[in-house]
Amino acid sequence: MDNQITFLDGLNKEQSKAVDHYEGPLLVVAGAGSGKTRALTHRIAHLISEYKVEPSEILAVTFTNKAAREMKDRLEILLAQKLAKIEFGQPFSTLKISIQSELRTRIYREVIKEIWIGTFHALFARLLRFDIEKYVDKEGLKWTRHFSIYDEKDALSLIKEIVTEDLQLDPKRFEPKKIRWAISNAKNKGILPDILEESAEGLRSRLTAKAYRVYRKALAANNALDFDDLLLLPVQLLQQSKETRDYWHKRFKHLLVDEYQDTNWTQYELIKLLVTNGEPPSSFKAWEGRSVFVVGDADQSIYSFRAADFRILMGFEQDFGANSKGNYDSNVVKLEENYRSTSNILEAANSLISNNKERIDKVLKATRSSGDLIKLTRCDDEIAEAEAVVHRIRLIDAANNNLNWSDVAILYRTNAQSRVIEESLVRWNIPYIVVGSLRFYDRREVKDILAYLKLLINPSDSVSLLRVLNVPKRGIGKTTIQKFTDAASQLGVTVWDIVTDPEAIRSLGGRSSKGLLEFREIIQELQSHLNSSGPAEIIRLALEKSGYIKELISIATDEAEERRRNLEELVNAALQYQEENEAGDLEGFLATAALASDADNKDSSLNRVTLMTLHSSKGLEFPIVCLVGMEQGLFPSYRSLDDPASLEEERRLCYVGLTRAKEKLCLFHANERRLWGGMREPAVSSIFLSEIPSELIEGDIPLSGGTVLRRDNRLERLTRVDRGSPSDVSKKSHDAPSNAVRRYSSGPAPGKKWSIGDVVIHSRFGRGEITHVFGSGEKISIAIKFIGMSPKILDPRLAPIKPIDEL
DNA sequence: TCAACGGGTATTTTT
DNA sequence: TACCCGTTGA
């Protein structure tokens, strides 16, 4: 090659093997902190500059939008550095700033813009903008390229409506949330209503299948897709249309997928369709000038609740490997050297994760010195815990002159845990940012305006229409809306058709006709600007013409003021979008908004402590990590306590948390914790704490033997759990016993001896026999084999079990 | 038509 | 605690 820089410089042997990979399938098993992002970006740069791959032939899938943006950024810098060497013969950083930015702009225009980088959802939403009109549905449903994207809330409100209106069911008995979940699951497995109907047994599943059918129909009538559709429709389209499939298969010669362990069935299907053009991967031979490159770590698979399945990663070699052997030495590279964490932290993580059974054999090797011990702090309750976290942070701050607040992350299992910690941070005047709790685009005012925008582009979108028809108030009430929706469904037209029909307004509108006419005019006027104005300008117009801003001004409270600022922020977001996407239009912006997550906006330049869930922390790293709420039932979540597979997932989540830390790791747990409302619950320290070697931990150590923290007045308090009249109580415990009630009323006496061979009765699983006893004293788990089920590992103090001789 | 109130209920994690 | 929903009263 004609210059000194290659993208293999400074990489270890395994990393360069990955980066230098050209054709065929390759699985990169990349442990935490092993430099996988580096491997990914360098490989793309390498493909383009050494193997002369066209940027437009590359499809790179990231897990978040933020990761996508970062990848583009890094890539831009890498390639600009190389260009600097070629054109000026000197390092990029020594060039004048103006020249630097000119180089970057050129790289952006010629290369970065051409590569498809994004999340599965963003990329395939983009593909659908091209091809959705070619999709032929079994049931005759149709969508146009102007489809709306419904977020989880939109989808849920649609389902709620279907359950109550169309199916005339009681939403208490048939919870929309559960139905939504069932439908989502079906979609993620590629199952359409007809198949679900066939396999449905019992009233409940038949009704779910029915709801699914109606829901799909409603989506189509609204010309809308939910998140799952963004993946499922492309799968079906690529399966059914050879022409479409050929096109995209030819177009994308090199696929890269990050966080492959969190891929689900539809995503896997999409990869296969694009890579092998529909042929079975094991017999696919045409690898010349073509590759699929996936990077992942089974130990960090934490999204099975979203239908992700890390066995897809485990099966990669078999799937794609069989036939490429011979041509390629191996299709697995393992990155096992950890450059991130001190060896104490790493050893703790390794030891923890070794308790999982289902793994790929892999051990992270330390490259750094031992560092500090892990600090463990036990606190009285969640308030004391929050204070302890802040105290710890202040101690570290006092001992380090150059500590930035942004070096610190506080991680927790559930979003609800953030509040108490925030209060402490406020008290001590430490700046912080909470990532992920409330998405910017989920704020009411923002969603309202987005609904206006969606409606402009897609008037069939009645969810959006009904959202803003009377916002701000135009005197259009429930009865009018009901009349209109009824008329629309009877005539088989959209609500918009009714709203724009002068006859309909006159006959149905009554007192609200004025407001309706007004609304119609607003929308139509805004529509007339669609072709001539950019997203930001249209948003400004919408804010003004809709009367939304005017209303907020007239309210004149702090809250209204806050909302106005958020809407200004929305305009800014649109401006930023326009900057980042030269040809970006309103549709593009709306798609970005629908698929954005809160984590995407985290501005790392702000010097603030970061608060977030363990899930959001994936892929990030911090010098200092505080992990709070290490208690049984919270982390691991109580829902995982009686299921070994989900307990393993919780453990992976813990592994992710520990491996975020570079220098210092501080763990916290509380003796008791107020759970929603005010009721205190005694807490048992997390099983994960006992899986970290105690010599790596300092602080008050409850390790061997564990701690059960119980107040003497426990029983007294428990009787008060059952509030209200006796009849209420009995009814409650029949319907849905709350966890607290069940836990304490049916649990055996503390300190009860369990031995192998004992027979127990579990309130859900029935009769079972104890096969193992782990630990002793207060820290005890037992494995029970229930009839017809795989063995379950339970905490006898939490699980609703009784020894059989007590019955 | 709409705001305000109260009771009941629920919490895992998110593209 | 916080949100959602149905009821009530203006």
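All of these numbers come straight from a predicted model, not from anything done at the bench. Values below: every heavy atom of this structure, side chains too, minus hydrogens, waters and symmetry copies. By convention in this document, chain letters (A, B, ...) are assigned in the order of the sequence lines, proteins followed by strands, and residues within each chain are numbered from 1.
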If you only use heavy atoms from C-beta on, which nucleotide in [options] is closest to the side chain of [X]?
| X | options | answer |
| --- | --- | --- |
| A/F305 | B/dC2, B/dT13, B/dT15 | B/dT13 |
| A/N470 | B/dC2, B/dT14, B/dT15 | B/dC2 |
| A/H121 | B/dT1, B/dT14, B/dT15 | B/dT15 |
| A/Y303 | B/dA3, B/dT14, B/dT12 | B/dT14 |
| A/F227 | B/dT14, B/dT15, C/dC4 | B/dT15 |

Touch class at under 4.0 angstrom, heavy-atom based, for [X] against every strand present:
| X | value |
| --- | --- |
| A/F635 | nothing |
| A/E152 | base |
| A/I476 | sugar-phosphate |
| A/N65 | nothing |
| A/D151 | nothing |
| A/K618 | nothing |
| A/T64 | nothing |

Salt bridge check: are [X] and [Y] linked by an N-O gap of less than 4.0 Å?
| X | Y | answer |
| --- | --- | --- |
| A/D226 | A/K187 | yes |
| A/E551 | A/K473 | no |
| A/D262 | A/K618 | yes |

Looking just at side-chain N and O atoms, do [X] and [Y] make a donor-acceptor pair shorter than 3.5 Å?
| X | Y | result |
| --- | --- | --- |
| A/Y150 | A/D461 | yes |
| A/T613 | A/N415 | no |
| A/D258 | A/T62 | no |
| A/E269 | A/T266 | no |

Would you say [X] reaches [N]'s phosphate, i.e. side-chain N/O to OP1/OP2 under 4.0 Å?
| X | N | result |
| --- | --- | --- |
| A/K177 | B/dT11 | yes |
| A/N188 | B/dT15 | no |
| A/R413 | B/dT13 | no |
| A/S616 | B/dT13 | no |

Protein-nucleotide distance ([X], atom [atom1]; [N], atom [atom2]), rounded to Å:
| X | N | atom1 | atom2 | result |
| --- | --- | --- | --- | --- |
| A/W181 | B/dT11 | CH2 | P | 14 Å |
| A/L611 | B/dT13 | CG | P | 14 Å |
| A/K160 | C/dC3 | NZ | C1' | 10 Å |
| A/E649 | B/dT13 | CD | C1' | 9 Å |
| A/H615 | B/dT15 | NE2 | P | 11 Å |
| A/N185 | B/dT14 | CG | P | 18 Å |
| A/E551 | B/dA3 | CD | C1' | 13 Å |
| A/D262 | B/dT13 | CG | C1' | 11 Å |

Subject >> Pairwise P distance, B/dT13 and C/dC4 [rounded to whole Å] >> reply: 15 Å
**OP:** Please figure out whether A/I302 or A/T480 has its closest DNA chain B nucleotide nearer the 5' end.
**Re:** A/T480
Original post:
More 5' along DNA chain B: A/K172 or A/S637, using each one's nearest nucleotide?
Top reply: A/K172
Original post:
Ring stacking, A/F120 with base of B/dT15, under 5.5 Å and under 30°?
Top reply: no
Original post:
How do A/R419 and A/K478 order along DNA chain C: which one's closest nucleotide is nearer the 5' end?
Top reply: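 So the residue in question is A/R419.
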